[in-house]
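These numbers come from a predicted model, not from an experiment. Note that these values count all heavy atoms, side chains included, but never hydrogens, waters or copies made by symmetry. Each ligand, and each atom within it, is numbered from 1 in the order the structure gives.
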Amino acid sequence: MILAANANAQGSHVGEWRHRDAWDRPASNLENAVRLARIAEAGKFDLLFLADGNGVRNLDKPDLFAATSPSDRPAVFEPVTLLSALAMVTRHIGLVATTTTTYDEPYAVARRFASLDHISGGRAGWNLVTTSNPGDALNFSKEAHAPREDRYARAGEFADIVKGLWDSWADDAFPQDKASGRFLDPARVQALNHKGDHFSVAGPLNAPRPVQGHPVIFSAGQSEMGKELSARTADCVFAIEGTIERARALYADLKGRLPRYGRGPESLKILSGVTIFAGETEAEADALFQELEDLVSPAVGLDYLSKMIGHRMADYPLDGPMPALEEEHVGPTGIGKAILGVARAEGLTVRQTYKRILPQMAGNLFKGSAMQVADRMEEWYRSQACDGFMIAAPVVPTGLERFIRLVVPELQRRGLFRTDYEGRTLRDNLGLPRPANRFFPEPARPA
Ligand SMILES: Cc1cc2nc3c(=O)[nH]c(=O)nc-3n(C[C@H](O)[C@H](O)[C@H](O)COP(=O)(O)O)c2cc1C
């Protein structure tokens, strides 16, 4: 079972940062990030994962904006910069950063992740996204976010170029031989000379081939185009589903697409996002849940619900039923529709609906004693709902510490999770092979 730690400075609950156990002063705090990385590595986690965006969100939702939610991002580190620092204080754990294909350039991204892979000794991963927040466009000389089709067309070409650039040099291209005066072997480099619909990139990259050949590629889109891009190009998918049935269907769907690209099911790992409230007892987990709920005012809850469903909720009575909203009022992702579906099916009021989504950003939630949490994780894993989990703690760092102290030993006892790191690189630990070089497929020549 793969375990990834969502390493954002704030936990997944909107009220989290006000909790007595949460970090003090979490805005861009390096000391906290170092502590979190060390905690996750001591727990033998496969990787740290940083979601990201390029803009401050929720300026139009004044109560939520002032109180901040985990995805507002008013004061976060640029993720590759942060992971470069964390590479120096860790030895085994993978370091995965989100970078968008919509507002970046393939050469710059190939270079940045090749560098992180060398700096970390082969532990880098790139979470390829097409950007979820439309407002980010305004920070990149654009008037509007491009439609999904255009973003995915660009993303596919972008990923092919990045992989090609990582193959610019054979693994043995840099003899750096003082005696002969040959720094590099000119027969062991290949320019890319890419000319396509969106990019023209000559190459070669000004970095040696990454330690892992290619840093591990994550992707996180769940539309038809997002799934197809994952099947064609990703090593791991970060997926969010609220029920085990939906997660199984997505798992089968994604793995079923692989043969078309000559890939086997083991070549794509699916990590399911989940917020975990683990307690010594079920009652302890429930108590934390309640404490967090009490830290969110109705105004913040309403703004948060508005954000998730893409419709302004401030004018609806708190204890009245959720309105029946037409589909066109529902925001850009499937999440809004899912929330409205649950509210309708269960006859929830507005207040009950926002409370339902506060703890897990509308994703999945496992809450209970260590045994109960381990049982659910085992059920999801064994029934092919996922290959592992992207774990968010409700309160950081204590939620992660508690998970490692209570649940990890139980997973180890069941033979579901490692007791020590198997390999040197992130690929080794995930059980993913090192990709061949498309230009120099033969093994490296002896020096
Ligand atoms: C689980 C998950 C995590 C995501 N993380 C990010 C992120 O950190 N930053 C970002 O800009 N977009 C993120 N996205 C957005 C996707 O890259 C994509 O742009 C968005 O989901 C729309 O594409 P889709 O319709 O294929 O899902 C995420 C999406 C999902 C489903």
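Figure legend: cation-pi geometry between K367 and F289, with NZ or CZ positioned under 6.0 Å from the six-membered ring centre and within 45° of its axis.
Every atom of ligand 1 with a heavy atom of T98 under 4.0 Å away is listed here by number and element: 7 (C), 8 (O), 9 (N). Close approach of ligand 1 to R151 (heavy-atom distance below 4.0 Å) involves ligand atoms 19 (O). Listed by atom number, the atoms of ligand 1 under 4.0 Å from A51 heavy atoms are 8 (O).
Across G226, S223, G273, S230, heavy-atom proximity to atom 24 (P) of ligand 1 is greatest for S223. Remark: among candidates S272, A220, A97, S132, the nearest residue to atom 31 (C) of ligand 1 is A220, based on non-hydrogen atoms.
Looking at D52 against ligand 1, only its backbone comes within 4.0 Å, counting heavy atoms. Under 4.0 angstrom from ligand 1, the non-hydrogen atoms of R148 all belong to its side chain.
Between E293 and K355 there is a salt bridge, since at least one side-chain N of the basic residue sits less than 4.0 Å from a carboxylate O of the acidic one. Looking at E241 and R248, no side-chain N of the basic residue comes within less than 4.0 Å of a carboxylate O on the acidic one, giving no salt bridge. No salt bridge links D136 with K142; every basic N to acidic carboxylate O contact stays at or beyond 4.0 Å.
Using a 4.0 Å cutoff on heavy atoms, I240 counts as a contact of ligand 1. By the 4.0 Å heavy-atom criterion, Q222 is counted among the residues contacting ligand 1.
Residues W23 and W17 are not in side-chain contact: their nearest non-hydrogen atoms beyond the backbone lie 4.5 Å or more apart.
Annotation: F366 is not in aromatic contact with F277 [ring centroid separation under 6.0 Å not met]. Taking the ring centroids of F238 and F49, they lie under the 6.0 Å cut-off.
Considering both main-chain and side-chain atoms, N127 never comes within under 3.5 Å of ligand 1 through any nitrogen or oxygen pair.
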